[in-house]
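Values below: every heavy atom of this structure, side chains too, minus hydrogens, waters and symmetry copies.
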Amino acid sequence: MARTKIAILGAGESGVGAAILAQKQGMEVWLSDKGKIKDKYLTMLRDANIPHEQGMHTEEKILDANEVIKSPGIPNTAPLIKKLKERGIPVISEIEFAGRYTDAKKICITGSNGKTTTTLLTYHIFKKAGLNVGLAGNVGKSFAHLVAKEKYDYYVIELSSFQLDDMYKFKADVAVLLNITPDHLDRYDYKMQNYIDSKFRVVQNQTSSDAFIYCTDDEVTANEVNKRNIPAKKYPFSITKEVDEGAYLKGDDLIININKNPFSMAVNRLSLLGRHNIYNSMAAAIAAKVVDIRKETIRESLADFQNIEHRLEMVATIHGVEFINDSKATNVNSTWYALESMTNPVVWIVGGIDKGNDYNLLKDLVKQKVKAFVCLGKDNRKIISMFSGIVPAFTEASSAAEAVMKAYKFSQQGDVVLLSPACASFDLFENYEDRGNQFKDAVRAL
(Lines give C-alpha, C1' and ligand atoms only; values in the text may rest on other atoms or scores of the structure.)
Protein backbone atom coordinates (compact mmCIF):
# COMPACT_ATOMS: atom_id res chain seq x y z
CA MET A 1 0.00 0.00 0.00
CA ALA A 2 1.35 3.45 -0.97
CA ARG A 3 2.43 5.63 1.92
CA THR A 4 0.42 8.80 2.63
CA LYS A 5 2.24 11.82 1.24
CA ILE A 6 2.27 14.81 3.55
CA ALA A 7 3.58 18.23 2.51
CA ILE A 8 4.30 20.75 5.23
CA LEU A 9 4.52 24.48 4.51
CA GLY A 10 6.63 26.48 6.94
CA ALA A 11 9.55 25.19 9.00
CA GLY A 12 8.91 26.95 12.29
CA GLU A 13 7.95 25.27 15.56
CA SER A 14 4.62 23.93 14.28
CA GLY A 15 5.92 22.77 10.87
CA VAL A 16 8.93 20.88 12.22
CA GLY A 17 6.79 19.33 14.98
CA ALA A 18 4.28 18.17 12.36
CA ALA A 19 7.09 16.72 10.20
CA ILE A 20 8.45 14.70 13.14
CA LEU A 21 4.99 13.35 13.98
CA ALA A 22 4.13 12.55 10.32
CA GLN A 23 7.42 10.68 9.94
CA LYS A 24 6.70 8.73 13.13
CA GLN A 25 3.31 7.74 11.67
CA GLY A 26 5.13 6.24 8.65
CA MET A 27 4.15 8.94 6.18
CA GLU A 28 6.21 10.26 3.29
CA VAL A 29 7.12 13.79 4.38
CA TRP A 30 8.19 16.83 2.36
CA LEU A 31 8.77 20.10 4.25
CA SER A 32 9.05 23.38 2.36
CA ASP A 33 9.78 26.90 3.59
CA LYS A 34 9.81 29.92 1.28
CA GLY A 35 12.12 31.76 3.68
CA LYS A 36 15.30 30.77 5.48
CA ILE A 37 14.95 27.95 8.04
CA LYS A 38 16.39 28.78 11.47
CA ASP A 39 19.52 26.79 12.38
CA LYS A 40 17.78 25.13 15.35
CA TYR A 41 15.08 23.69 13.08
CA LEU A 42 17.52 22.76 10.29
CA THR A 43 19.46 20.67 12.80
CA MET A 44 16.24 18.93 13.94
CA LEU A 45 15.25 18.15 10.33
CA ARG A 46 18.70 16.83 9.43
CA ASP A 47 18.93 14.72 12.60
CA ALA A 48 15.57 13.13 11.76
CA ASN A 49 16.43 12.73 8.04
CA ILE A 50 13.36 14.67 6.98
CA PRO A 51 13.47 15.85 3.32
CA HIS A 52 13.14 19.64 3.18
CA GLU A 53 13.84 22.78 1.16
CA GLN A 54 14.22 26.46 1.98
CA GLY A 55 14.04 29.71 0.02
CA MET A 56 11.42 28.27 -2.35
CA HIS A 57 8.31 26.10 -2.73
CA THR A 58 8.67 23.29 -5.31
CA GLU A 59 5.04 23.29 -6.38
CA GLU A 60 4.93 19.92 -8.13
CA LYS A 61 6.07 18.17 -4.92
CA ILE A 62 3.55 20.04 -2.77
CA LEU A 63 0.67 19.52 -5.23
CA ASP A 64 1.49 15.79 -5.27
CA ALA A 65 0.62 15.46 -1.54
CA ASN A 66 -2.46 13.68 -0.17
CA GLU A 67 -2.72 16.32 2.55
CA VAL A 68 -0.95 19.60 3.38
CA ILE A 69 -0.18 21.01 6.83
CA LYS A 70 0.40 24.75 6.71
CA SER A 71 1.96 27.23 9.08
CA PRO A 72 -0.63 29.49 10.75
CA GLY A 73 1.26 32.48 9.32
CA ILE A 74 0.35 31.61 5.71
CA PRO A 75 -3.02 33.15 4.75
CA ASN A 76 -5.63 31.14 2.84
CA THR A 77 -5.39 33.78 0.11
CA ALA A 78 -1.81 32.74 -0.77
CA PRO A 79 -1.73 31.53 -4.41
CA LEU A 80 -0.30 28.10 -3.48
CA ILE A 81 -3.07 27.51 -0.90
CA LYS A 82 -5.69 28.48 -3.48
CA LYS A 83 -4.18 26.00 -5.95
CA LEU A 84 -4.26 23.20 -3.36
CA LYS A 85 -7.89 23.91 -2.52
CA GLU A 86 -8.88 24.03 -6.20
CA ARG A 87 -7.41 20.53 -6.56
CA GLY A 88 -9.32 19.29 -3.50
CA ILE A 89 -6.15 18.63 -1.48
CA PRO A 90 -7.00 19.09 2.24
CA VAL A 91 -5.07 21.90 3.94
CA ILE A 92 -5.01 21.61 7.74
CA SER A 93 -3.21 23.02 10.76
CA GLU A 94 -0.59 21.19 12.79
CA ILE A 95 -3.06 21.15 15.73
CA GLU A 96 -5.71 19.37 13.63
CA PHE A 97 -3.09 16.84 12.49
CA ALA A 98 -1.68 16.11 15.97
CA GLY A 99 -5.15 15.78 17.50
CA ARG A 100 -5.62 12.54 15.53
CA TYR A 101 -2.81 10.79 17.38
CA THR A 102 -3.60 11.42 21.05
CA ASP A 103 -6.50 10.55 23.32
CA ALA A 104 -5.32 12.95 26.05
CA LYS A 105 -7.77 15.52 27.41
CA LYS A 106 -7.29 18.86 25.65
CA ILE A 107 -7.82 22.23 27.34
CA CYS A 108 -7.84 24.78 24.51
CA ILE A 109 -7.55 28.50 25.21
CA THR A 110 -8.23 31.30 22.75
CA GLY A 111 -9.19 34.97 22.79
CA SER A 112 -7.87 38.26 21.42
CA ASN A 113 -6.05 39.06 24.66
CA GLY A 114 -4.79 37.19 27.70
CA LYS A 115 -4.47 33.75 26.14
CA THR A 116 -0.75 33.24 26.80
CA THR A 117 -1.08 34.28 30.45
CA THR A 118 -4.19 32.11 30.94
CA THR A 119 -2.58 29.12 29.19
CA LEU A 120 0.54 29.34 31.39
CA LEU A 121 -1.56 29.85 34.53
CA THR A 122 -3.77 26.83 33.72
CA TYR A 123 -0.68 24.72 33.01
CA HIS A 124 0.83 25.91 36.33
CA ILE A 125 -2.28 24.77 38.25
CA PHE A 126 -2.35 21.37 36.50
CA LYS A 127 1.38 20.84 37.17
CA LYS A 128 0.99 21.82 40.81
CA ALA A 129 -1.88 19.33 41.10
CA GLY A 130 0.56 16.60 40.00
CA LEU A 131 -1.16 15.89 36.68
CA ASN A 132 0.79 14.53 33.71
CA VAL A 133 0.33 17.63 31.54
CA GLY A 134 1.95 19.15 28.42
CA LEU A 135 2.02 22.82 27.38
CA ALA A 136 1.53 23.39 23.65
CA GLY A 137 0.36 25.61 20.81
CA ASN A 138 1.55 29.20 20.69
CA VAL A 139 3.59 28.69 23.87
CA GLY A 140 6.17 26.03 24.58
CA LYS A 141 6.70 23.26 22.03
CA SER A 142 4.34 22.53 19.19
CA PHE A 143 1.45 20.18 19.97
CA ALA A 144 2.58 17.77 17.21
CA HIS A 145 6.11 17.60 18.60
CA LEU A 146 4.80 16.70 22.06
CA VAL A 147 2.38 14.09 20.67
CA ALA A 148 5.29 12.53 18.73
CA LYS A 149 7.74 12.46 21.64
CA GLU A 150 5.74 12.38 24.91
CA LYS A 151 2.73 10.63 26.44
CA TYR A 152 0.68 13.17 28.39
CA ASP A 153 -2.77 12.70 29.94
CA TYR A 154 -3.62 16.39 29.49
CA TYR A 155 -2.60 19.14 27.11
CA VAL A 156 -3.10 22.83 27.78
CA ILE A 157 -3.04 24.44 24.33
CA GLU A 158 -2.98 28.11 23.37
CA LEU A 159 -4.77 28.60 20.05
CA SER A 160 -4.72 31.62 17.75
CA SER A 161 -7.51 32.33 15.29
CA PHE A 162 -5.09 31.39 12.48
CA GLN A 163 -4.65 27.90 13.96
CA LEU A 164 -8.39 27.51 14.50
CA ASP A 165 -9.08 28.42 10.86
CA ASP A 166 -7.49 25.18 9.64
CA MET A 167 -9.09 22.88 12.23
CA TYR A 168 -12.07 20.74 11.24
CA LYS A 169 -12.48 17.50 13.21
CA PHE A 170 -10.38 18.42 16.27
CA LYS A 171 -12.34 18.66 19.53
CA ALA A 172 -11.49 20.51 22.73
CA ASP A 173 -12.59 18.72 25.93
CA VAL A 174 -12.45 22.08 27.68
CA ALA A 175 -12.72 25.19 25.47
CA VAL A 176 -11.87 28.61 26.89
CA LEU A 177 -12.79 31.85 25.08
CA LEU A 178 -11.48 34.89 26.95
CA ASN A 179 -12.68 37.79 24.79
CA ILE A 180 -13.09 38.93 21.20
CA THR A 181 -11.86 42.36 20.14
CA PRO A 182 -10.89 43.55 16.65
CA ASP A 183 -7.49 42.05 15.80
CA HIS A 184 -5.86 40.68 12.63
CA LEU A 185 -8.82 42.01 10.64
CA ASP A 186 -6.47 42.26 7.65
CA ARG A 187 -6.65 38.42 7.51
CA TYR A 188 -10.46 38.39 7.72
CA ASP A 189 -11.44 40.71 4.82
CA TYR A 190 -11.78 43.45 7.47
CA LYS A 191 -15.06 41.78 8.57
CA MET A 192 -15.47 41.39 12.32
CA GLN A 193 -17.95 38.50 11.94
CA ASN A 194 -15.33 36.44 10.06
CA TYR A 195 -12.96 36.90 12.99
CA ILE A 196 -15.71 36.03 15.52
CA ASP A 197 -16.54 32.86 13.55
CA SER A 198 -12.86 31.93 13.63
CA LYS A 199 -12.63 32.26 17.42
CA PHE A 200 -15.82 30.22 17.92
CA ARG A 201 -14.25 27.29 16.10
CA VAL A 202 -12.81 26.46 19.54
CA VAL A 203 -16.20 24.89 20.43
CA GLN A 204 -16.68 22.95 17.18
CA ASN A 205 -17.41 19.23 17.60
CA GLN A 206 -17.97 19.62 21.37
CA THR A 207 -20.63 17.43 22.98
CA SER A 208 -22.68 17.71 26.18
CA SER A 209 -19.87 15.98 28.10
CA ASP A 210 -17.42 18.82 27.25
CA ALA A 211 -17.01 22.25 28.86
CA PHE A 212 -17.13 25.76 27.40
CA ILE A 213 -15.71 28.55 29.59
CA TYR A 214 -16.30 32.13 28.43
CA CYS A 215 -16.41 35.76 29.57
CA THR A 216 -20.02 36.87 29.74
CA ASP A 217 -18.90 40.50 30.30
CA ASP A 218 -17.47 40.51 26.79
CA GLU A 219 -20.38 41.79 24.73
CA VAL A 220 -19.29 40.24 21.43
CA THR A 221 -18.82 36.81 23.02
CA ALA A 222 -22.05 36.95 25.04
CA ASN A 223 -24.15 37.94 21.98
CA GLU A 224 -22.59 35.18 19.92
CA VAL A 225 -23.19 32.54 22.64
CA ASN A 226 -26.88 33.51 22.64
CA LYS A 227 -27.08 33.13 18.86
CA ARG A 228 -25.41 29.72 18.69
CA ASN A 229 -26.40 26.24 19.68
CA ILE A 230 -23.43 25.09 21.78
CA PRO A 231 -23.97 21.57 23.20
CA ALA A 232 -21.10 21.78 25.74
CA LYS A 233 -21.78 22.61 29.41
CA LYS A 234 -21.35 26.38 29.73
CA TYR A 235 -19.34 28.05 32.49
CA PRO A 236 -19.48 31.86 32.20
CA PHE A 237 -17.28 34.19 34.25
CA SER A 238 -17.96 37.81 35.13
CA ILE A 239 -16.73 40.63 37.34
CA THR A 240 -19.98 42.60 37.05
CA LYS A 241 -22.66 40.06 37.95
CA GLU A 242 -23.20 36.76 39.77
CA VAL A 243 -23.48 33.61 37.67
CA ASP A 244 -25.04 30.27 38.65
CA GLU A 245 -22.16 28.10 37.54
CA GLY A 246 -18.77 29.54 36.69
CA ALA A 247 -16.94 32.41 38.38
CA TYR A 248 -17.75 35.92 39.58
CA LEU A 249 -16.65 38.69 41.93
CA LYS A 250 -18.40 39.33 45.22
CA GLY A 251 -16.92 42.35 46.95
CA ASP A 252 -13.17 41.67 47.09
CA ASP A 253 -13.55 37.91 46.67
CA LEU A 254 -13.35 35.78 43.57
CA ILE A 255 -16.01 33.03 43.75
CA ILE A 256 -15.64 29.81 41.75
CA ASN A 257 -18.85 27.77 41.70
CA ILE A 258 -18.79 24.44 39.87
CA ASN A 259 -21.33 21.64 40.50
CA LYS A 260 -22.90 23.71 43.31
CA ASN A 261 -19.66 23.46 45.29
CA PRO A 262 -18.40 27.07 45.59
CA PHE A 263 -15.09 28.28 46.98
CA SER A 264 -13.63 31.76 47.26
CA MET A 265 -10.31 33.54 47.18
CA ALA A 266 -9.43 37.14 48.04
CA VAL A 267 -8.58 39.12 44.89
CA ASN A 268 -5.60 40.72 46.65
CA ARG A 269 -4.03 37.24 46.96
CA LEU A 270 -3.91 36.80 43.17
CA SER A 271 -0.34 37.00 41.89
CA LEU A 272 -1.48 38.76 38.69
CA LEU A 273 -2.41 42.44 38.85
CA GLY A 274 -5.08 44.35 36.95
CA ARG A 275 -8.69 43.77 36.05
CA HIS A 276 -7.88 41.73 32.93
CA ASN A 277 -5.93 39.28 35.10
CA ILE A 278 -8.95 38.69 37.34
CA TYR A 279 -10.64 37.37 34.19
CA ASN A 280 -7.59 35.26 33.29
CA SER A 281 -7.47 33.83 36.83
CA MET A 282 -11.20 33.01 36.73
CA ALA A 283 -10.89 31.17 33.40
CA ALA A 284 -7.91 29.10 34.59
CA ALA A 285 -9.60 28.30 37.92
CA ILE A 286 -12.79 27.06 36.22
CA ALA A 287 -10.76 24.89 33.82
CA ALA A 288 -8.93 23.38 36.80
CA LYS A 289 -12.14 22.77 38.77
CA VAL A 290 -13.81 21.14 35.74
CA VAL A 291 -11.13 18.43 35.84
CA ASP A 292 -11.55 18.10 39.64
CA ILE A 293 -8.38 19.78 40.88
CA ARG A 294 -8.53 20.53 44.61
CA LYS A 295 -9.63 24.01 45.72
CA GLU A 296 -6.50 24.47 47.83
CA THR A 297 -4.22 23.69 44.88
CA ILE A 298 -6.09 26.21 42.73
CA ARG A 299 -5.82 28.89 45.44
CA GLU A 300 -2.09 28.28 45.94
CA SER A 301 -1.42 28.31 42.19
CA LEU A 302 -3.31 31.57 41.61
CA ALA A 303 -1.28 33.14 44.43
CA ASP A 304 2.23 31.98 43.42
CA PHE A 305 2.15 32.11 39.60
CA GLN A 306 4.95 34.10 37.91
CA ASN A 307 3.80 36.03 34.82
CA ILE A 308 5.46 35.78 31.43
CA GLU A 309 8.18 37.92 29.97
CA HIS A 310 7.08 40.96 27.91
CA ARG A 311 3.61 41.10 29.53
CA LEU A 312 3.42 43.92 32.10
CA GLU A 313 6.90 42.85 33.18
CA MET A 314 8.59 45.05 35.79
CA VAL A 315 12.09 45.83 34.48
CA ALA A 316 13.62 48.28 36.96
CA THR A 317 13.04 51.38 39.06
CA ILE A 318 15.55 54.14 38.29
CA HIS A 319 15.53 57.36 40.36
CA GLY A 320 11.96 56.62 41.40
CA VAL A 321 10.73 55.94 37.83
CA GLU A 322 9.31 52.45 37.17
CA PHE A 323 9.98 50.87 33.76
CA ILE A 324 7.44 48.28 32.57
CA ASN A 325 7.85 46.07 29.50
CA ASP A 326 4.51 45.21 27.87
CA SER A 327 5.93 44.55 24.39
CA LYS A 328 3.49 41.65 23.95
CA ALA A 329 0.68 44.24 23.68
CA THR A 330 0.49 44.11 19.88
CA ASN A 331 -3.10 45.37 19.67
CA VAL A 332 -5.19 48.21 21.09
CA ASN A 333 -7.07 46.07 23.57
CA SER A 334 -3.94 44.68 25.21
CA THR A 335 -2.71 48.24 25.67
CA TRP A 336 -6.13 49.26 27.06
CA TYR A 337 -5.68 46.62 29.78
CA ALA A 338 -2.14 47.77 30.51
CA LEU A 339 -3.11 51.45 30.84
CA GLU A 340 -6.18 50.51 32.89
CA SER A 341 -4.00 48.76 35.48
CA MET A 342 -1.63 51.76 35.94
CA THR A 343 -2.06 53.83 39.11
CA ASN A 344 0.78 56.39 38.58
CA PRO A 345 1.32 58.97 35.79
CA VAL A 346 2.45 57.22 32.59
CA VAL A 347 5.04 58.06 29.96
CA TRP A 348 3.83 55.79 27.20
CA ILE A 349 5.99 54.25 24.45
CA VAL A 350 3.64 53.34 21.59
CA GLY A 351 3.72 52.42 17.89
CA GLY A 352 4.92 49.96 15.26
CA ILE A 353 2.98 48.29 12.47
CA ASP A 354 -0.68 49.28 12.65
CA LYS A 355 -3.05 46.34 11.97
CA GLY A 356 -6.08 48.56 11.23
CA ASN A 357 -6.15 49.86 14.83
CA ASP A 358 -9.00 51.94 16.22
CA TYR A 359 -7.25 54.16 18.75
CA ASN A 360 -10.56 55.75 19.84
CA LEU A 361 -10.84 52.91 22.37
CA LEU A 362 -7.83 54.34 24.21
CA LYS A 363 -8.78 58.04 24.20
CA ASP A 364 -10.38 58.24 27.66
CA LEU A 365 -7.67 56.19 29.39
CA VAL A 366 -4.88 58.15 27.70
CA LYS A 367 -6.52 61.39 28.86
CA GLN A 368 -6.68 60.11 32.47
CA LYS A 369 -3.32 58.36 32.76
CA VAL A 370 -0.75 59.53 30.18
CA LYS A 371 1.39 62.63 30.71
CA ALA A 372 3.62 62.17 27.64
CA PHE A 373 4.12 59.67 24.82
CA VAL A 374 6.98 58.50 22.62
CA CYS A 375 6.19 57.02 19.20
CA LEU A 376 8.41 54.06 18.36
CA GLY A 377 7.69 53.22 14.73
CA LYS A 378 8.46 54.18 11.16
CA ASP A 379 5.08 55.79 10.47
CA ASN A 380 3.51 57.45 13.51
CA ARG A 381 1.09 59.87 11.83
CA LYS A 382 -2.09 58.08 12.92
CA ILE A 383 -1.02 57.91 16.58
CA ILE A 384 0.13 61.53 16.67
CA SER A 385 -3.07 62.83 15.06
CA MET A 386 -5.17 60.83 17.54
CA PHE A 387 -3.38 61.73 20.79
CA SER A 388 -1.42 64.96 20.34
CA GLY A 389 -4.54 67.02 21.13
CA ILE A 390 -5.04 65.15 24.43
CA VAL A 391 -1.39 64.79 25.49
CA PRO A 392 0.65 67.81 24.37
CA ALA A 393 4.04 66.30 25.33
CA PHE A 394 5.17 63.81 22.69
CA THR A 395 8.13 62.91 20.49
CA GLU A 396 9.28 60.20 18.06
CA ALA A 397 12.08 57.62 18.27
CA SER A 398 13.50 55.15 15.78
CA SER A 399 15.13 52.70 18.21
CA ALA A 400 14.34 51.21 21.63
CA ALA A 401 17.38 52.97 23.14
CA GLU A 402 16.26 56.36 21.81
CA ALA A 403 12.68 55.76 23.00
CA VAL A 404 13.84 54.86 26.53
CA MET A 405 16.12 57.91 26.71
CA LYS A 406 13.37 60.28 25.54
CA ALA A 407 10.75 58.70 27.84
CA TYR A 408 13.13 59.01 30.79
CA LYS A 409 13.56 62.73 30.03
CA PHE A 410 9.77 63.21 30.16
CA SER A 411 9.50 61.39 33.50
CA GLN A 412 9.95 62.36 37.12
CA GLN A 413 9.98 60.48 40.42
CA GLY A 414 6.77 58.48 40.91
CA ASP A 415 6.07 58.09 37.15
CA VAL A 416 5.88 54.90 35.12
CA VAL A 417 7.52 54.46 31.70
CA LEU A 418 5.33 51.90 29.97
CA LEU A 419 6.25 50.18 26.71
CA SER A 420 2.83 49.00 25.52
CA PRO A 421 2.94 49.55 21.75
CA ALA A 422 -0.61 48.51 20.64
CA CYS A 423 1.07 47.54 17.34
CA ALA A 424 3.07 44.74 15.77
CA SER A 425 6.85 45.12 15.85
CA PHE A 426 8.06 44.17 12.38
CA ASP A 427 8.95 47.67 11.17
CA LEU A 428 11.95 48.10 13.51
CA PHE A 429 12.30 44.73 15.28
CA GLU A 430 12.33 41.00 14.52
CA ASN A 431 9.30 40.36 16.76
CA TYR A 432 7.75 41.55 20.02
CA GLU A 433 10.35 39.61 22.07
CA ASP A 434 13.19 41.42 20.30
CA ARG A 435 11.42 44.75 20.94
CA GLY A 436 10.97 43.89 24.63
CA ASN A 437 14.56 42.73 25.04
CA GLN A 438 15.96 45.86 23.40
CA PHE A 439 13.75 47.96 25.69
CA LYS A 440 15.05 46.11 28.77
CA ASP A 441 18.67 46.44 27.63
CA ALA A 442 18.17 50.19 27.12
CA VAL A 443 16.60 50.60 30.58
CA ARG A 444 19.48 48.75 32.23
CA ALA A 445 21.95 50.95 30.37
CA LEU A 446 20.49 54.20 31.78
Side-chain angles (χ1 to χ4, degrees), residues 8 10-22 41 69-74 92-127 131-180 183-184 187 198-206 210-213 280 283-284 287-288 291 307-311 328 330 334 431-433:
I8 297 165
E13 182 63 40
S14 70
V16 174
I20 288 166
L21 178 59
Y41 296 123
I69 300 166
K70 82 166 175 67
S71 154
I74 302 169
I92 61 168
S93 75
E94 162 258 337
I95 304 278
E96 172 81 4
F97 180 66
R100 297 170 184 170
Y101 303 104
T102 177
D103 51 11
K105 287 243 183 287
K106 299 177 287 288
I107 293 83
C108 298
I109 298 165
T110 195
S112 304
N113 298 295
K115 52 184 181 294
T116 304
T117 300
T118 306
T119 301
L120 289 168
L121 178 54
T122 305
Y123 174 69
H124 174 65
I125 303 171
F126 279 51
K127 280 288 277 186
L131 298 178
N132 177 28
V133 59
L135 173 71
N138 271 357
V139 281
K141 285 206 168 87
S142 75
F143 182 41
H145 192 273
L146 292 182
V147 169
K149 300 284 189 186
E150 310 288 344
K151 187 86 180 80
Y152 289 116
D153 300 324
Y154 295 89
Y155 285 99
V156 180
I157 307 171
E158 178 189 333
L159 291 176
S160 70
S161 55
F162 300 162
Q163 286 163 318
L164 287 161
D165 287 338
D166 300 303
M167 288 160 60
Y168 303 97
K169 293 188 175 159
F170 179 96
K171 176 177 82 76
D173 298 277
V174 179
V176 179
L177 177 51
L178 295 165
N179 46 54
I180 302 178
D183 194 13
H184 306 297
R187 275 278 285 263
S198 170
K199 286 293 186 197
F200 266 86
R201 291 175 80 96
V202 77
V203 299
Q204 71 185 355
N205 306 316
Q206 282 198 310
D210 301 313
F212 175 43
I213 300 166
N280 297 339
V291 303
N307 200 7
I308 48 171
E309 206 181 359
H310 311 297
R311 189 75 261 237
K328 198 172 190 301
T330 58
S334 287
N431 47 38
Y432 77 79
E433 291 97 337

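Between atom NZ of residue Lys141 and atom CG of residue Leu135 there is a gap of 10.5 Å, rounded to the nearest 0.5 Å. Residue Ser198 holds its OG atom at 9.0 Å from CG of Asp166, rounded to the nearest 0.5 Å. Rounded to the nearest 0.5 angstrom, Leu21 CG and Phe97 CZ are separated by 4.5 Å. Between the CD atom of Glu96 and the CD1 atom of Ile69 there is a distance of 10.0 Å, given to the nearest 0.5 Å. With rounding to the nearest 0.5 Å, the separation of OH in Tyr154 from CG in Asn132 is 9.5 Å. Within the model, atoms OG1 of Thr117 and NE2 of His124 stand 13.0 Å from one another, a figure rounded to the nearest 0.5 Å.
With a 6.0 Å radius and a threshold of 12 heavy atoms from other residues, nucleotides or ligands, Lys171 has its NZ atom above the threshold.
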Worksheet item: Stepwise, does the side chain to side chain contact (heavy atoms under 4.5 Å, CB included) test hold for Val139 with Tyr123?
Response: CA-CA 11 Å; Val139 281; Tyr123 174 69; over 6 Å; no
Worksheet item: When you look at Ile157 and Phe170, which way does the side chain to side chain contact (heavy atoms under 4.5 Å, CB included) test go after all the steps?
Response: CA-CA 12 Å; Ile157 307 171; Phe170 179 96; 4.3 Å; yes
Practice prompt. Under the side chain to side chain contact (heavy atoms under 4.5 Å, CB included) rule, what do Thr116 and Arg311 come out as? Steps first, then yes or no, please.
Written response: CA-CA 9 Å; Thr116 304; Arg311 189 75 261 237; over 6 Å; no
Practice prompt. Check step by step if side chain to side chain contact (heavy atoms under 4.5 Å, CB included) holds for Arg100 and Val147.
Written response: CA-CA 10 Å; Arg100 297 170 184 170; Val147 169; over 6 Å; no
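Using a 4.5 Å cut-off on side-chain heavy atoms (C-beta onward), Leu164 and Gln204 make no contact. Using a 4.5 Å cut-off on side-chain heavy atoms (C-beta onward), Lys105 and Val174 make no contact. Contact annotation: the side chain of Glu13 approaches that of Tyr41 to within less than 4.5 Å [non-hydrogen atoms, C-beta and beyond]. Tyr152 has its side chain out of reach of Phe126: every pair of non-hydrogen atoms, C-beta onward, lies at least 4.5 Å apart. For the pair Phe200/Phe212, a side-chain contact is recorded, criterion being any heavy-atom separation below 4.5 Å from C-beta on. Side chains of Ile109 and Leu178 form a contact here, defined as non-hydrogen atoms less than 4.5 Å apart. Between Leu159 and Met167 the shortest side-chain heavy-atom distance falls below 4.5 Å. Using a 4.5 Å cut-off on side-chain heavy atoms (C-beta onward), Leu131 and Asp153 make no contact.
With sequence neighbours excluded, the residues satisfying salt bridge (Lys or Arg N to Asp or Glu O under 4.0 Å) with Lys151 are Asp103. Here Lys149 pairs with nothing under the salt bridge (Lys or Arg N to Asp or Glu O under 4.0 Å) rule; sequence neighbours left out.
Counting all heavy atoms, side chain and backbone alike, Ala172 lies closest to Asp210 at O-CG, 3.9 Å. Listed here is the closest heavy atom pair of Ile125 and Ala288: CG2-CB, 3.7 Å. Scanning both residues, Ala18 and Glu94, for their nearest heavy atoms gives CB-CG, 4.1 Å. A pairwise comparison of heavy atoms in Asn138 and Ser160 identifies ND2-CB, 3.6 Å as the closest pair. Nearest heavy-atom pair, Ala144 versus Ala98, reported as atom, atom and distance to 0.1 Å: CA-CB, 3.5 Å. Heavy-atom minimum distance, Lys199 versus Ser161: NZ-N, 3.6 Å.
Remark: Lys106 is not positioned above the aromatic ring of Phe143, lacking an NZ or CZ atom under 6.0 angstrom from the ring centre and at most 45 degrees off the axis.
Looking only at distances, no side-chain donor or acceptor of Asp173 sits under 3.5 Å from a matching main-chain atom of Ala211. Not a single donor-acceptor pair under 3.5 Å links the side chain of Ser334 to the backbone N or O of Thr330.
Residues Asn280 and Thr118 bring a donor and an acceptor atom of their side chains to less than 3.5 Å of each other.
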